Amino acid sequence: MLSFEKALDTVLNSARPLGAERVSLADAANRVLAEDVKSDMDIPPFNKSAMDGYACRRSDLANDLEVIEIIPAGYTPAKSVGPGQCAKIMTGAVVPEGADCVVMKEYVETRNSILDARCSRESRNQHRASRIRFVGEKTKDNICQKGEDIKAGDIVLRKGELLKPQHIAVLASVGHARPIVSKAPRVGIIATGSELVDPGTVPEPCQIRNSNSFQLAAQAGSLGAAVTDYGITKDTKEAIDNMFKKVAAANDVVIVSGGVSVGDFDFVPDILKRNNIDLLFEGIAVKPGKPSVFGVSEDLYCFGLPGNPMSTFVQFEILIKPFLYKLMGCEHKHENVRMPLNESVERRKTGRQVWFPVAITEAGTVELVEYHGSAHISSLCAADGLISIDVGVGRIEKGTVVPVRLI
Ligand code: AMP
Ligand code: MG
């Protein structure tokens, strides 16, 4: 049977980028940048005070200083600071010519009171002459120098960057209000199973609630995909065929849960073939998720996953997630942390790569969580991540440092 590595290669090699579009910054989170972005200006754009205090000359720190001006943020200083002088300055304001440091307000004694700062130029410069003295031991400059963070023309973000909140702040700062990002893959989700009912329904004794659609939609949605949940389809060839045709016509990627194994009513692989989907694999040497299938046509990608919730969850994480990122033009790296196992792990059959849920302890070790197999939906809620054991490996000793894939 196909190794998981080969299955992942097959899936990734099939993924063709989807094209790009402009979005507003409000819609840019979780999208992948499709252009290099340069800064249109120095940041900070001027020498900026990092403190509320007094801008003066370092060589004057031992002297009484005359306060010649009050400089709020958002105003241009009217005067330059000469010897024996200072300007009262607010955080974020332009440091005036002549000053080379800002002493913090907290380390200054006022010799006579200064009028309150007011924000109109006339009033703020009409204050009574007053004097201050620095009473601290020493001071930093407390000036953010023009261009010290970013220079005009610098490439600040590169094509392929997955936009997190911190990247969006940079885009805003450099005036890139409508970045070009990869198109969001349209992902359609079908849950097959005649035993399934919606979560808002009380199941009959022979039924269970559909959880996979909601789980898969949440997983794909969190990556920035444009997800449509097509609900439940009964296990008949006709129902699956009709639903598949509808979903295929409106999406780039179809994820079908259930109906891919060897049961009498597992029709999904046949229906895919009948709809001219070229199945590139049927089955992977991996647990959970062995019967997973993947196929392509000219303009569609199809995943069929076995219906057990752990199978759909794990297969999405390890196979579909990197695929969707590749469609969006991003070389995704899994979030792995490496930590020692706090107990040995053993298994008898070693023919498949196996994945199971683990928790990270406060001591920074990896602990197995209770897990009864691929139907055990609630075990993931106690887990921080997944670990794997490779094909051919029967035991991992306590204390071995293993990569934990965070979920
Ligand atoms: P299947 O892959 O269709 O043979 O289903 C395997 C197991 O997963 C069965 O016990 C199903 O009842 C269960 N199952 C299938 N689809 C879902 C679903 N959408 N939500 C929760 N469990 C499911
Ligand atoms: Mg089924």
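What you see is a predicted model; the values in this text were computed from it and never measured. Both counts, for ligands and for their atoms, begin at 1 and track the order of listing.
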Parallel, tilted or perpendicular: rings of [Y] and [X] (30°, 60°):
| X | Y | result |
| --- | --- | --- |
| Y301 | F323 | perpendicular |
| Y107 | F134 | perpendicular |
| H376 | H372 | parallel |

Record the part of L196 in heavy-atom contact with ligand 1 below 4.0 Å; permitted values are side chain, backbone, both and neither.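 Under 4.0 Å from ligand 1, L196 contributes side-chain atoms alone.
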Ligand 1 versus S257, non-hydrogen atoms closer than 4.0 Å: side chain, backbone, both, neither?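 Side chain only.
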For ligand 1, is there an atom lying under 4.0 Å from some heavy atom of R209?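 True for this residue.
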Residue and atom name of the nearest protein heavy atom (relative to [atom]), distance in Å to one decimal:
| atom | answer |
| --- | --- |
| atom 17 (C) of ligand 1 | N212 ND2, 3.2 Å |
| atom 19 (N) of ligand 1 | N210 OD1, 2.9 Å |
| atom 6 (C) of ligand 1 | N308 N, 3.8 Å |
| atom 22 (N) of ligand 1 | I208 CD1, 3.4 Å |
| atom 3 (O) of ligand 1 | G259 N, 3.0 Å |
| atom 20 (N) of ligand 1 | S211 N, 3.0 Å |
| atom 9 (C) of ligand 1 | E195 OE2, 4.1 Å |

Which heavy atom of K38 sits nearest a heavy atom of V174, and at what distance?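 Heavy atoms of K38 and V174 come nearest at O-CG2, 4.2 Å.
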For the residue pair R31 and E21, what are the closest heavy atoms and their distance?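 Taking every non-hydrogen atom into account, NH2-OE2, 2.6 Å.
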Under 3.5 Å, N or O to N or O, is S213 touching ligand 1 that way?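 In this structure, S213 places no N or O atom under 3.5 Å from an N or O of ligand 1.
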Any N or O of G307 that comes nearer than 3.5 Å to an N or O of ligand 1?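 Min N/O separation from ligand 1 is below 3.5 Å for G307.
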For [X], does the [atom1] atom have more than 12 heavy-atom neighbours from other residues, nucleotides or ligands under 6.0 Å away?
| X | atom1 | value |
| --- | --- | --- |
| K326 | NZ | yes |
| Q166 | CD | yes |
| E343 | CD | yes |

Residue P306 vicinity, atoms of ligand 1 by number, heavy atom under 4.0 Å: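 Heavy-atom distances to P306 below 4.0 Å select 2 (O).
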Test: D42 and K146 ion pair at under 4.0 Å: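 Judged by the 4.0 Å cut-off on N to carboxylate O distance, D42 and K146 do form a salt bridge.
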